[in-house]
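Structure, as structure tokens:
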Amino acid sequence: MKLEIKKKPYFGEHKYSAKKLIKELQEYPEIAQVLKTESESEKRPGTAKKLLNEYLKEIVATPSSTVIEGLRRSLRMLWYRIFNGLEIQGIDELRSQMAGKQVIYLPCHRSHLDYLLLSYVLDEHYLEVPHIIAGNNLNVAGVGKILKGGGAVFMRRTFRNNPLYATSFITYLHYLLDHKFPIEIFIEGGRSRTGKNLQPRIGNIEMLIDYLEKNPDKDLHLVPVSFTYEKVPEEGAYLKELNGAEKQQENLFEMLNAFKVLKKNFGKVYVSFAPLMSLKDMIKDFVAEKKAESLSDLEPEAAKELAFSVGTDVLEKINIYTRTSAVPVVATALLSQRHRGFHKRELLEKSQFLVDLYQQVHPRAQDTLVESEGGLEGIIEFLIQGGTVGYIHDPDEDIYYFNSKDKIRLNLYKNVFVHHYVIPSIIALRLKHGIKRREELLENILMFNELLRHEFMFPRSYDFTEAVDTMLDFSLKNDLITELDGELSINPAMKDKINMLANIITPFLESFLVAINVLTSKKAKFPMDYKNMVSVFRETHHKLLLLGKIDSIEGNLTVSYKNIIQFFFEEKIVTISKLKNKKKLVRKGDKFDKIFDLPDKIFPGANHS
């Protein structure tokens with residue numbers, strides 16, 4: 001009896017030659033029209049035509065089954081050497097949903113290895129390898145050719161003031177969509193250096209929405225994908241950046257440098273697929289909510305709101321389906337107090353409490369928190385082996401501790417799950433501040449949702465009332481609080497756990513206080529250079545930490561301070577103007593005085609001097 005050999009689908013049923021396609025695309029009406037306009041204004045005849053050819057050569061992928069076969073063999077060996085295992089969740093369910101559908105994979109972005117991981121996983125499971133929208137900084141000599149063979153579609157960071165390039169890229173993208181090629185787009189754009197999801201980049205989402213507007217009979221099915229590494233290969237570079245070093249330009253050489261650590265072990269890596277999301281249905285619901293007749297009737301601002309809403313919905317699914325071990329839980333427990341050392345029993349109790357809370361507030365807790373070998377003690381041992389946690393044997397009870405320099409590293413691990421602890425943490429903080437009633441807690445949650453909107457993105461449909469009730473039910477059941485005649489009170493015997501929860505959100509809030517301190521002091525000499533402002537924020541954070549005015553070194557992050565400046569800009573507390581030399585200047589805005597009300601809103605009753 002002859003066994004049937006399943007044929008690899010590679011990139012899909014439709015095949016094309018990049019060389020022939022480039023010639024065909026140049027004849028498309030959209031490109032021909034822009035080329036004609038550009039040619040009429042050019043000083044040297046033929047310049048626009050030459051540029052068009054260069055653009056398309058740069059953009060168009062050269063998909064090759066030979067490249068995929070070679071990468072599969074190489075990557076299988078690589079994963080075996082650097083990871084303890086590769087765990088996949090949701091791919092069988094995905095396969096059952098996607099027959100005949102146009103699929104767009106929208107993964108989070110944690111490492112350069114993400115590019116390779118998704119294609120490898122799909123290929124191993126006999127699913128079509130996607131065309132990957134990738135930054136053209138990866139298109140370097142030799143390596144760019146291999147990536148193009150693996151389906152890379154190189155895209156420049158901006159299309160601004162270049163209609164010929166923009167039309168070339170969009171026309172090729174529409175060609176891929178017309179022929180039902182699966183496509184991969186990193187929803188956050190660049191890699192997250194903090195372990196936490198970044199805001200969605202809406203440019204690519206707008207292009208997908210634009211495609212459906214031009215093709216109303218079609219649909220695009222979005223697949224949120226989560227990558228979680230117990231230890232990210234680029235962790236060292238990220239930590240340098242988080243400690244203030246200049247952000248390194250993302251390129252493949254950096255990824256290849258990561259391959260030099262083949263003797264290191266990065267634990268397990270988890271890849272999780274969420275169910276399909278119909279973009280057509282999401283657009284339909286948004287248009288109905290805005291009471292518009294159709295997508296084309298939306299105002300430009302509402303259209304951008306739609307794209308951002310789609311992005312946050314995708315990121316919420318990524319958060320819900322993110323699967324990992326309890327490393328983020330133990331990291332959160334370690335960072336929960338001012339002291340850096342814990343007896344073994346205390347650390348295990350704090351970690352187990354956080355696991356119990358996670359299982360209460362997370363809708364898919366049983367499927368996303370992986371039982372590790374050795375349980376929570378096994379996770380602590382993993383952190384000891386990696387050098388993040390130290391160990392002191394004591395005849396009475398062993399002590400586990402971490403050094404101050406490792407706070408940022410632990411924060412990187414903590415942030416994988418911090419999204420799920422945000423609302424419980426705000427509730428604990430406000431209970432400490434004396435808030436007694438559920439409705440007041442809800443008002444404060446909504447206020448913090450606005451304040452921290454660049455740190456944590458909740459979808460438009462998120463039910464904050466339900467989230468508050470869920471946390472309070474957990475707190476009552478576990479005797480953290482009592483409720484009498486509608487008034488909530490902290491159980492004195494449980495203050496330690498309430499403090500632990502409150503401390504989760506505190507670093508983000510202390511960063512706000514530092515920024516306010518700077519902008520309302522003699523340090524602020526407007527107009528201020530944007531980069532210099534961030535540096536002053538970070539220097540002041542360090543000084544206030546030494547003086548004991550704030551407690552969290554892990555809040556002293558460049559990305560956090562950039563998020564705060566963006567919040568101030570949107571609230572018209574400051575203005576930002578760009579100069580010709582690409583520098584940005586920050587000035588006081590029309591509503592600068594609003595800044596004086598913020599400290600009491602964040603930490604009511606505290607001394608903010």
Side-chain angles (χ1 to χ4, degrees), residues 195 230 267 324-362 365 369-418 420-422 424-429 431-432 471 474-482 490-507 510 548 550-555:
E230 283 191 325
T324 185
S325 68
V327 168
V329 174
V330 176
T332 303
L334 286 164
L335 292 172
S336 65
Q337 305 290 343
R338 287 189 177 187
H339 54 268
R340 295 183 284 108
F342 300 83
H343 284 117
K344 180 179 180 179
R345 174 180 46 80
E346 179 191 8
L347 182 56
L348 289 173
E349 282 179 0
K350 287 180 182 297
S351 299
Q352 186 59 54
F353 171 76
L354 290 170
V355 168
D356 294 343
L357 174 58
Y358 176 78
Q359 290 174 339
Q360 177 72 22
V361 301
H362 193 292
L369 190 59
V370 180
E371 184 69 32
S372 302
E373 186 177 342
L376 290 171
E377 291 191 52
I379 295 296
I380 295 170
E381 185 59 34
F382 172 77
L383 292 173
I384 291 172
Q385 290 175 1
T388 305
V389 171
Y391 163 81
I392 299 174
H393 177 68
D394 185 88
D396 294 324
E397 191 173 358
D398 293 341
I399 297 170
Y400 297 99
Y401 69 94
F402 63 91
N403 293 316
S404 294
K405 64 181 179 63
D406 288 318
K407 263 197 165 187
I408 302 296
R409 175 180 279 108
L410 286 168
N411 199 54
L412 193 66
Y413 300 158
K414 163 189 162 183
N415 278 344
V416 172
F417 269 12
V418 71
H420 301 294
Y421 293 126
V422 169
S425 180
I426 293 172
I427 288 173
L429 184 69
L431 287 171
K432 283 181 62 178
M471 178 54 194
F474 173 85
S475 300
L476 289 165
K477 182 180 176 181
N478 288 274
D479 296 324
L480 300 180
I481 60 172
T482 58
I490 296 172
N491 179 352
M494 294 291 183
K495 274 189 175 181
D496 187 52
K497 288 181 178 176
I498 292 291
N499 287 335
M500 176 173 69
L501 290 178
N503 288 341
I504 293 173
I505 199 70
T506 298
E510 287 189 339
I550 57 175
D551 297 318
S552 55
I553 188 175
E554 65 270 30

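When reading the values below, keep in mind they use all heavy atoms of this one structure, side chains included, and skip hydrogens, waters and symmetry mates.
Relative ring orientation between Y358 and F417 is described as parallel, the plane-to-plane angle staying below 30° on a 0-90° scale split at 30° and 60°.
Every residue two or more places apart in sequence or in another chain that forms a ring-ring contact (aromatic ring centres under 6.0 Å, His included) with F474 is listed here: F353. Take I490 and apply the side chain to side chain contact (heavy atoms under 4.5 Å, CB included) test, not counting sequence neighbours, and it matches L431, K432, K495, I498. With sequence neighbours excluded, the residues satisfying side chain to side chain contact (heavy atoms under 4.5 Å, CB included) with Q359 are V355, D356, A365, Q366. For Y401, there are no side-chain hydrogen bond (donor to acceptor under 3.5 Å, both in side chains) partners, not counting sequence neighbours. For D406, the side chain to side chain contact (heavy atoms under 4.5 Å, CB included) partners at least two apart in sequence or on another chain are T388, N403, R409. Residues satisfying the side chain to side chain contact (heavy atoms under 4.5 Å, CB included) test with L476, not counting sequence neighbours, are R438, I481, E483.
Looking at S336, its side chain does come within 3.5 Å of a backbone N or O of A333 through a donor-acceptor pair. For E510 (side chain) and S552 (main-chain N/O), a donor-acceptor pair under 3.5 Å exists by modelled atom type. D394 places a side-chain N or O within 3.5 Å of a backbone atom of D396 that can act as its donor or acceptor partner.
If you take CD1 on I392 and NZ on K344, they are separated by 15.0 Å, rounding to the nearest 0.5 Å. One distance of note links CD1 of I379 with OG of S351; it measures 9.5 Å at 0.5 Å rounding. Summarising the geometry, atom CD belonging to E381 is positioned 9.5 Å from atom CD belonging to E377; distances are rounded to the nearest 0.5 Å. Remark: L334 CG to L347 CG distance equals 5.0 Å, nearest 0.5 Å. Between the OG1 atom of T332 and the CE atom of M500 there is a distance of 9.0 Å, given to the nearest 0.5 Å. The line from OH of Y421 to CE of M471 is 10.5 Å long, rounded to the nearest 0.5 Å.
Inter-residue side-chain proximity for I380 and L348 is flagged as met; some heavy-atom pair is nearer than 4.5 Å.
Using modelled atom types and a 3.5 Å distance limit, the side chains of Q337 and D496 yield a donor-acceptor pair.
The one candidate from R345, H343, H393 that meets the side-chain hydrogen bond (donor to acceptor under 3.5 Å, both in side chains) condition with D398 is H393. When each of N503, N411, V330 is paired with L335, the side-chain contact (heavy atoms from CB on, under 4.5 Å) condition holds for N411 and for no other.
Across all non-hydrogen atoms, the minimal contact from P328 to Y413 is CB-O, 3.3 Å. The two residues H420 and V361 have their closest heavy-atom pair at O-CG2, 3.6 Å.
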